[in-house]
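The structure presented is a predicted model; accordingly, all values stated were derived computationally and were not measured.
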Amino acid sequence: MPAATSGEVVAALGALDAADLAGVLGYAEGLGLVAATLGVWADPAALVRWSVVGTAGGAVPWDPNEQPFAAHLQREALAWVVAQVDLRAAAAARIGGAPDGARLSTVQLGSLPGVLAAARRAAAQLAADRRSDPAVLELAALLLGELRAALAVLAAGCVTDETPGGAPLAVELEETAPMPDAEGWN
C-alpha cells in the first residue's frame with residue numbers, strides 16, 4: 001500500500017469534523033470495552049492519537065485513494081486490538097491456558113473469533129451512537145485541536161507535502177524545561 005504524504009494526512013485531519021472523530025472514538029470504545037473483558041486495555045483516544053501520528057510519520061500506511069481517513073483510523077484501531085488479543089491468547093497458551101488461547105475470560109463462552117466479531121459489531125454501533133453524544137463530541141473537538149496542533153508542529157520545518165509518508169519526523173526541543181536531578185526536580 002502506498003503511504004500517504006504528511007501533507008495528505010494533515011489535509012485529511014483538517015477535513016474531519018468533531019462528529020467524524022466522535023464516530024472513530026466510538027468505534028475504538030466499542031473495541032476497547034470488549035477487549036477489556038479479555039484482559040486487553042485499549043484507550044480510545046490513545047488509539048486514535050497513535051494512528052494519526054503513526055500515519056503522519058509513515059509507520060502506519062494509508063492510501064487516501066483506498067479509504068477515507070476516518071475508516072483508516074477505525075481499521076487501525078481494530079488491527080491494534082486484534083494484535084493485542086492475539087498476543088494475550090498466545091501468552092495464555094504458553095502458560096497452560098487453552099491450546100489455542102481461545103478462552104481469555106471467565107465470562108467468555110464461545111470462541112475468540114466469535115468474541116472479536118461481536119466486538120466489531122459493538123464498535124460499529126457505538127461509532128454511530130457517539131457521533132451525536134455531546135460528551136464524546138466535546139472530547140473529539142479537543143482531540144482534533146490537539147492533533148492538528150501536533151501535526152502542525154511536526155510539519156513546520158520537518159515535513160513538506162512532498163515528503164513521503166515514510167520519512168522520519170523530527171522535532172528539536174530546547175532544554176528550557178526543568179530536568180530532574182538526583183534528588184528530584186530542580
How close do [X] and [Y] get, heavy atom to heavy atom, and via which atoms?
X	Y	result
A77	S51	N-OG, 4.4 Å
A19	R131	O-NH1, 3.1 Å
L104	A89	CD2-CA, 3.8 Å

### Note, Q84 side chain near L87 side chain (heavy atom, < 4.5 Å)
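Contact flag for Q84/L87 side chains = yes.
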
### Message
Quick one, W62 and L73 - any side-chain contact, counting heavy atoms below 4.5 Å?
### Response
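Not in contact.
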
Please list, chain by chain and in numerical order, all residues satisfying side-chain hydrogen bond (donor to acceptor under 3.5 Å, both in side chains) with [X], sequence neighbours excluded.
X	value
D43	none
D86	none
E29	R130
R120	none

### Message
Which residues end up grouped with L33 if you chain together Ile, Leu, Val, Met, Phe, Trp and Tyr wherever their side-chain heavy atoms are less than 4.5 Å apart?
### Response
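Besides L33, the hydrophobic cluster comprises L126, listed by chain and residue number.
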
Transitive ILVMFWY side-chain link [X] to [Y], under 4.5 Å:
X	Y	answer
L31	L116	yes
V48	L137	no
V82	L47	yes

### Message
Show me the pairs that pass salt bridge (charged side-chain N to carboxylate O under 4.0 Å, His left out) and involve residues 109-118, at least two apart or across chains.
### Response
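Found none.
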
### Option among V60, D63, V24, V52 that satisfies the side-chain contact (heavy atoms from CB on, under 4.5 Å) test with H72
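Among V60, D63, V24, V52, the one meeting side-chain contact (heavy atoms from CB on, under 4.5 Å) with H72 is V60.
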
Only distances under 3.5 Å count here; give the side-chain donor-acceptor pairs of residues 140-154 to other protein atoms, sequence neighbours excluded, each with its distance to 0.1 Å.
{"unit_1": "E146", "atom_1": "OE1", "unit_2": "R49", "atom_2": "NH2", "d": "3.4"}
{"unit_1": "E146", "atom_1": "OE2", "unit_2": "R49", "atom_2": "NE", "d": "2.6"}
{"unit_1": "E146", "atom_1": "OE2", "unit_2": "R49", "atom_2": "NH2", "d": "3.4"}
{"unit_1": "R148", "atom_1": "NE", "unit_2": "L13", "atom_2": "O", "d": "3.4"}
{"unit_1": "R148", "atom_1": "NH2", "unit_2": "L13", "atom_2": "O", "d": "3.0"}
{"unit_1": "R148", "atom_1": "NH2", "unit_2": "G14", "atom_2": "O", "d": "3.3"}
{"unit_1": "R148", "atom_1": "NH2", "unit_2": "L16", "atom_2": "O", "d": "2.6"}

### Query
side-chain contact (heavy atoms from CB on, under 4.5 Å) with A71: which residues, sequence neighbours excluded?
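For A71, the residues satisfying side-chain contact (heavy atoms from CB on, under 4.5 Å) (neighbours in sequence not counted) are Q67, P68.
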
### Task
Kindly compute the distance separating CH2 (W50) from OG1 (T55), expressed to the nearest 0.5 Å.
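It comes to 7.5 Å.
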
### Query
Which distance, rounded to the nearest 0.5 Å, do you find between the OH of Y27 and the CZ of R75?
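Going from the OH atom of Y27 to the CZ atom of R75 covers 11.0 Å.
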
### Task
Look only at the side chain of R88 and the backbone of L38, and say whether a donor-acceptor pair between them is shorter than 3.5 Å.
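Yes, the answer is positive, given that a donor and an acceptor are paired below the 3.5 Å cut-off.
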
